[in-house]
2 protein chains.
Amino acid sequence: MKELSFLTILACAFVLPAQAEDIVHDAEYKILERQHSQKWQEQDKAIDKKLADIRMNNGDERPNIIYLLVDDLSYGQMGNRKMNHVMGVNTKNINDFANEGLSLERMYTEPSCTPTRAAMMTGRHPIRSGSSEVKVTLVGEGLSKDEVTIAEVLSEAGYSTSHVGKWHQGDIEESYPHNQGFDYAAFPAHQQVQLSLMTKEAALANNLFGWNDTMQNNDFVIDKTFRPNGMVTGLEARKGEMAKEVHMPAGHEWSQADYHEMNVRYQRQAIDQLQQLSKLNKPFYLQYWPLYPLNFVHDQTPNVTRNGGFMAEKLQLLDTWFGEFLNELDNLGIADNTVVILMADNGLMYHYGGPSGLSELIYRGGKTDFLEGGIRTDAYVRWPGVIEANSAASDIIHVSDLYTTIARIAQATDQIPRDRIIDGIDQTALLLEGETNGRRDYVYVYQNETLAAVVKNEFKMHVPTPGMPGAAAPVFNVYRDPREENPHIGMALWSGASFQDMMKRHMMMIQKYPHLPLGKGVPYSGIENLRPETVKLVDDFKSWH
Amino acid sequence: MKELSFLTILACAFVLPAQAEDIVHDAEYKILERQHSQKWQEQDKAIDKKLADIRMNNGDERPNIIYLLVDDLSYGQMGNRKMNHVMGVNTKNINDFANEGLSLERMYTEPSCTPTRAAMMTGRHPIRSGSSEVKVTLVGEGLSKDEVTIAEVLSEAGYSTSHVGKWHQGDIEESYPHNQGFDYAAFPAHQQVQLSLMTKEAALANNLFGWNDTMQNNDFVIDKTFRPNGMVTGLEARKGEMAKEVHMPAGHEWSQADYHEMNVRYQRQAIDQLQQLSKLNKPFYLQYWPLYPLNFVHDQTPNVTRNGGFMAEKLQLLDTWFGEFLNELDNLGIADNTVVILMADNGLMYHYGGPSGLSELIYRGGKTDFLEGGIRTDAYVRWPGVIEANSAASDIIHVSDLYTTIARIAQATDQIPRDRIIDGIDQTALLLEGETNGRRDYVYVYQNETLAAVVKNEFKMHVPTPGMPGAAAPVFNVYRDPREENPHIGMALWSGASFQDMMKRHMMMIQKYPHLPLGKGVPYSGIENLRPETVKLVDDFKSWH
């Protein structure tokens with residue numbers, strides 16, 4: 001008997017090597033798991049077999065993974081011809097791409113760039129890593145080195161990793177992508193408010209006031225530090241190296257032309273990375289996060305869209321660029337063994353609705369909102385021959401699920417940390433088996449540090465203002481009332497207690513696994529060639545820290 | 001020379017027989033025609049040849065034409081999978097049908113049932129025939145015998161014509177479909193407010209108050225005629241015969257079950273008509289205008305949609321029914337030589353948004369509104385082998401254009417009257433040649449008798465309230481701002497004078513061709529079997545007329 005047990009233990013150790021411990025999920029997932037554990041375990045075995053077969057058919061190699069993340073587009077604004085007609089744009093390449101794979105029709109993100117990207121990178125609600133706040137100028141903060149990013153997970157598991165484009169995870173050394181698991185990174189230190197709005201052109205286009213100090217009378221300006229000047233622009237680096245600012249001579253005033261050139265450069269670099277990575281003898285993870293369509297100035301070139309707005313035009317350009325990028329993937333002959341995910345990071349920046357060409361479409365609200373318009377985006381996944389072409393799913397999925405799902409597909413689940421809550425659910429079953437195979441029926445919706453809404457199935461509760469009884473919280477049915485305009489408080493009274501329970505469970509888990517602190521440091525640490533104006537800016541910053 | 005002229009005249013008479021006179025269009029069309037006459041004339045010659053070739057390939061016979069008109073659905077609510085996912089319904093059959101033909105992405109209707117249907121039947125803005133007002137109960141009014149309907153045009157040209165379902169063109173004899181050109185008609189005298197809302201079940205479902213006099217205390221009711229009782233329900237008739245009320249015994253109280261049975265009956269009769277018409281030795285025109293999805297009471301059967309609302313469920317049922325209808329068309333072997341048009345008559349009846357399951361989706365507003373949500377609907381046209389499959393067009397088209405276009409396709413243009421304004425533009429070029437071949441760039445949008453908005457290209461002016469200068473009228477760009485939320489008065493100042501000119505031209509033409517009067521008469525004239533309660537109701541009506 002003893003020997004038999006020993007053999008059994010040996011066998012188990014062989015089947016489940018290294019990390020056998022379960023990933024720590026939020027309590028809500030455990031509620032689901034308890035109800036479906038047997039079915040899911042069986043399904044997972046079949047999926048493991050399927051993934052092994054796929055590897056076998058691809059020279060015993062795991063698939064490449066590409067993550068294309070578009071900035072600030074609401075659900076419906078890319079990938080659907082009918083909506084193209086509404087908007088007067090033509091995202092033909094994205095539409096075609098969408099038709100080649102699975103449309104995730106209920107992808108939830110966080111309501112803004114930094115938190116969504118943090119959620120995807122860490123597999124965790126950004127509140128857990130302190131990354132829920134959007135950063136506009138220099139802050140001396142960023143994604144902590146203690147977070148374990150998807151790039152670190154995949155690196156550890158033998159993937160090459162590259163990042164090109166928007167990053168927006170902070171301006172301190174530890175937060176830069178090449179210090180967070182990427183072998184190579186080309187990225188701006190900040191984001192488009194700096195790059196396309198804080199320019200003289202944006203002031204001349206009447207899209208910005210008060211920042212550019214040559215554009216108005218400044219009789220009463222006493223504090224010259226209120227308008228930050230000399231911020232770092234584009235950076236490039238390799239893992240283990242210091243970052244270097246590129247294409248930005250000292251004393252040069254950043255302009256819209258520089259912004260456009262930066263966009264062009266990232267497109268070129270994304271394709272260049274694709275080419276280089278495809279030649280390596282290992283699978284790769286490449287994320288290309290363009291800055292366009294976010295844009296605030298007309299480029300003085302003739303419009304091509306029927307819409308003509310200064311963001312709509314860039315959406316059109318981005319579609320062309322994605323077409324080129326996906327073409328290159330075909331040309332390199334690696335499209336079949338590459339999973340490509342294309343989605344937006346949050347709802348549109350509707351503050352320029354009208355002239356920008358992009359306005360509310362289906363859901364109400366946009367970037368920064370907890371309404372569906374802020375947190376529902378188009379999301380498409382293609383994996384030729386594996387994911388059913390021209391399919392669609394209304395299962396709920398959250399952007400953090402990509403972390404866990406990508407890790408699974410890359411055979412890197414063991415590298416996911418077990419000492420913290422991972423919000424991301426493994427949704428491989430949804431991708432491979434299609435609609436109704438999702439493993440999530442809930443989302444906690446945060447605005448910065450505030451829990452603003454809770455989603456369960458088709459129901460969405462807007463968290464009541466302090467003092468209002470939870471039972472009287474407005475609850476919406478997102479199918480029947482997509483724009484969240486008719487709260488049926490009476491009709492949803494039955495759900496009040498259940499929603500309260502969901503919040504309690506969530507808070508109990510936070511007590512058990514407290515949030516980790518955001519990384520802190522000196523802005524622009526780890527950059528080897530700061531310009532004199534940047535050094536001055538950092539000095540200003542230090543003076544009050 | 002004299003003889004030559006005579007021959008020339010003879011030749012001309014041969015080329016242009018009978019009706020050589022031009023159709024009288026509104027001034028705005030003439031502005032366009034003057035700019036494109038040569039191109040359009042050449043294109044028309046090619047189209048004539050194409051239509052002749054099509055006839056030749058079909059045993060020298062003209063195509064059948066089927067017009068499926070859905071009640072009260074806003075743009076996006078049928079025919080698109082992505083929007084299905086938003087709403088939690090699955091209009092699979094309509095989606096498939098849409099993919100087999102041309103999606104008319106900018107179809108404008110009138111803002112309500114009666115006017116849209118009148119526009120289609122007469123090819124004229126309903127204001128011109130006095131048909132712009134919606135009728136709810138008995139009115140002693142209806143479509144005038146002096147209007148020339150598409151059914152009369154097609155009958156005259158040798159088509160068999162049938163109408164099944166909602167009609168809503170009045171309750172006097174001359175207005176009934178079999179007196180307006182249809183060989184056969186099965187239709188309710190009124191509409192769904194009577195048939196699904198003015199029932200005891202609707203009161204029990206809390207969707208109607210005050211009408212059913214057994215549902216509440218009536219201590220203060222002195223006037224028993226305020227609540228009309230005994231209205232005529234379903235009618236059937238053949239051309240030249242009197243109408244007969246069917247399936248409604250005297251003294252019977254109309255119920256939701258009767259309404260459902262009526263819907264089932266029309267579906268059966270539509271298919272039955274299809275079968276009968278297909279056996280005749282002539283082409284046919286069949287219009288099937290279902291009453292569903294409009295519905296106000298849950299049928300006490302389990303829901304099948306994810307949405308579950310009492311209208312959403314009926315939209316789902318209607319999709320199944322259309323699937324059956326289109327299948328029968330295939331089974332009969334006549335699908336290839338049949339043009340099928342499927343569209344909605346105006347935006348959703350959003351007054352029951354939420355529980356009905358149907359709420360605002362993309363455009364703002366709904367039925368009764370001059371906003372895009374009231375007058376933009378899904379519209380799909382299929383003509384296998386002739387109209388390009390899976391195509392779409394953003395050319396502006398108005399529901400009245402179907403009149404002229406169908407006549408053209410049926411070789412019946414000569415039967416269109418020349419003594420009045422025909423608003424319907426011949427859009428055959430758009431159907432056959434595809435996007436950018438439309439011949440309309442404008443729409444005058446009426447709410448009842450009031451001109452409420454004017455559309456030109458992507459611009460839409462809301463007609464200013466009296467006293468406001470026209471130059472300060474709110475003008476919207478429907479691509480950049482689909483929900484008409486940001487009037488850019490300043491940015492659109494340039495267009496003020498041009499919009500004023502459009503209105504002036506339109507009014508000048510009305511002076512030249514004044515509106516014709518609505519038909520008037522005794523309610524329910526021409527029905528051979530009025531119930532006693534109906535006779536009493538008519539007597540009540542007569543007492544004050």
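Below, chains carry the letters A, B, ... as their sequence lines are ordered, and counting in each starts from 1.
Neither the backbone nor the side chain of A:V89 comes within contact range of chain B, judged by heavy atoms closer than 4.5 Å. For A:S103, the part sitting under 4.5 Å from any heavy atom of chain B is the side chain, from C-beta outward, and nothing else. Proximity to chain B (any heavy atom under 4.5 Å) is restricted, for A:E435, to the side chain, taken from C-beta onward. Of the two parts of A:A98, neither the backbone nor the side chain holds a non-hydrogen atom closer than 4.5 Å to a non-hydrogen atom of chain B. Residue A:A312: no heavy atom, backbone or side chain, is found under 4.5 Å from chain B. Proximity to chain B is absent for every atom of A:F476, based on heavy atoms less than 4.5 angstrom apart.
In terms of non-hydrogen atom pairs under 4.5 Å with chain A, the most contact-rich of B:M491, B:R483, B:E372, B:R364 is B:R483. Between chain A and the options B:N457, B:D378, B:N84, heavy-atom pairs under 4.5 Å are most frequent for B:D378. Options A:G79, A:S356, A:G309 differ in how many heavy-atom pairs under 4.5 Å they form with chain B, and the most are formed by A:G309. Of the residues considered (A:M311, A:R376, A:R81, A:M87), A:R81 shows the highest number of contacts with chain B, using heavy-atom pairs under 4.5 Å.
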- Criterion side chain to side chain contact (heavy atoms under 4.5 Å, CB included) on A:E360 and B:E485, from CA distance to verdict: CA-CA 9 Å; A:E360 269 189 17; B:E485 285 175 333; 4.1 Å; yes
- Message: Under the criterion side chain to side chain contact (heavy atoms under 4.5 Å, CB included), I'd like the reasoning laid out for A:E105 against B:K82: C-alpha separation, chi angles, the key distance, then a yes or no.
- Response: CA-CA 7 Å; A:E105 299 293 7; B:K82 196 170 183 86; 3.2 Å; yes
- Message: Quick one, A:V86 with B:Y75, criterion side chain to side chain contact (heavy atoms under 4.5 Å, CB included). Give me CA distance, side-chain angles, the key distance, then yes/no.
- Response: CA-CA 10 Å; A:V86 172; B:Y75 178 91; 3.3 Å; yes
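With salt bridges taken as basic N to acidic carboxylate O contacts below 4.0 Å, none links B:E458 and A:R306.
Nearest heavy-atom pair, A:G353 versus B:N486, reported as atom, atom and distance to 0.1 Å: O-ND2, 3.9 Å. For the residue pair B:N477 and A:N307, the shortest heavy atom distance occurs at ND2-O, 4.5 Å. The heavy-atom pair separating A:H85 from B:S394 by the smallest distance is ND1-OG, 2.6 Å. Between A:N80 and B:N80, the closest heavy-atom pair is ND2-ND2, 3.5 Å.
Separation of atoms CG (A:L358) and CG (B:D481) is listed at 11.5 Å; rounding is to 0.5 Å. Distance CG/B:L361 to OH/A:Y363: 8.0 Å, rounded to 0.5 Å.
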